[in-house]
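Below you'll find the structure, written out as structure tokens, and then a few comments.
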Amino acid sequence: MTVEELKRAASELASNDQRHLAAYLIHLDSQRDPALRQELNDRLNDRDSKSWLSVEEFERRLTARD
């Protein structure tokens, strides 16, 4: 299956399934990259709400990675 086929299939998923897929892909990426895994852990453990991203900002940043 090509990347384009995967993208097309992902675009047909329900929103909740797209979010689940996005989280899984980030999980896979973090398993291959210890620095990314540490950054994600640090961010998840950050209790300071000033550091948190809105859903919109998160999606913008995630899209910018492409």
Side-chain angles (χ1 to χ4, degrees):
M1 186 174 253
T2 68
V3 172
E4 287 306 315
E5 290 170 324
L6 290 168
K7 286 181 178 181
R8 195 170 16 262
S11 73
E12 296 171 4
L13 294 173
S15 294
N16 193 46
D17 290 336
Q18 287 175 342
R19 288 186 193 98
H20 188 108
L21 177 59
Y24 179 67
L25 292 173
I26 291 169
H27 165 75
L28 289 177
D29 201 21
S30 72
Q31 295 304 304
R32 294 183 189 107
D33 184 346
L36 176 60
R37 183 173 45 245
Q38 185 60 51
E39 180 182 352
L40 289 173
N41 284 335
D42 292 346
R43 287 176 183 253
L44 288 171
N45 292 325
D46 186 350
R47 300 290 181 212
D48 183 358
S49 63
K50 291 180 230 160
S51 303
W52 299 350
L53 298 176
S54 67
V55 172
E56 295 80 11
E57 179 63 13
F58 173 77
E59 288 176 347
R60 186 189 68 74
R61 290 184 186 193
L62 187 61
T63 303
R65 287 182 57 169
D66 287 342

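We count residues from 1, following the sequence as given. As a basis for the values below, the full set of heavy atoms in this structure was taken, side chains included, without hydrogen atoms, waters or symmetry mates.
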Qualifying residues under side chain to side chain contact (heavy atoms under 4.5 Å, CB included), relative to E4, sequence neighbours excluded
T2, K7
Distance col, row T63:OG1 vs F58:CZ, nearest 0.5 angstrom, shows 9.0 Å
Salt bridge (charged side-chain N to carboxylate O under 4.0 Å, His left out) partners for D33, two or more places apart
none
Please list, one pair per line, the donor and acceptor atoms closer than 3.5 Å that link side chains of residues 13-21 to other protein atoms, with sequence neighbours excluded.
| unit_1 | atom_1 | unit_2 | atom_2 | d |
| --- | --- | --- | --- | --- |
| Q18 | NE2 | A10 | O | 2.9 |
| Q18 | NE2 | L13 | O | 3.4 |

D46: side chain to side chain donor-acceptor pair (under 3.5 Å) partners, not counting sequence neighbours:
S51
Side chain to side chain donor-acceptor pair (under 3.5 Å) partners of E39, counting only residues at least two apart:
R43
Residues at least two apart in sequence or cross-chain that pass side chain to side chain donor-acceptor pair (under 3.5 Å) with D42, listed by chain then number, are Q38
Once side chain to side chain donor-acceptor pair (under 3.5 Å) is applied, do any residues pair with R60, and if so which ones, sequence neighbours excluded?
E57
Members sharing L6's hydrophobic cluster (side chains within less than 4.5 Å):
M1
Contacts of type side chain to side chain contact (heavy atoms under 4.5 Å, CB included), residue Q31, not counting sequence neighbours
H27, R37
I'd like to know if L62 and L36 are part of one continuous hydrophobic network [Ile/Leu/Val/Met/Phe/Trp/Tyr, side-chain heavy atoms within less than 4.5 Å].
yes
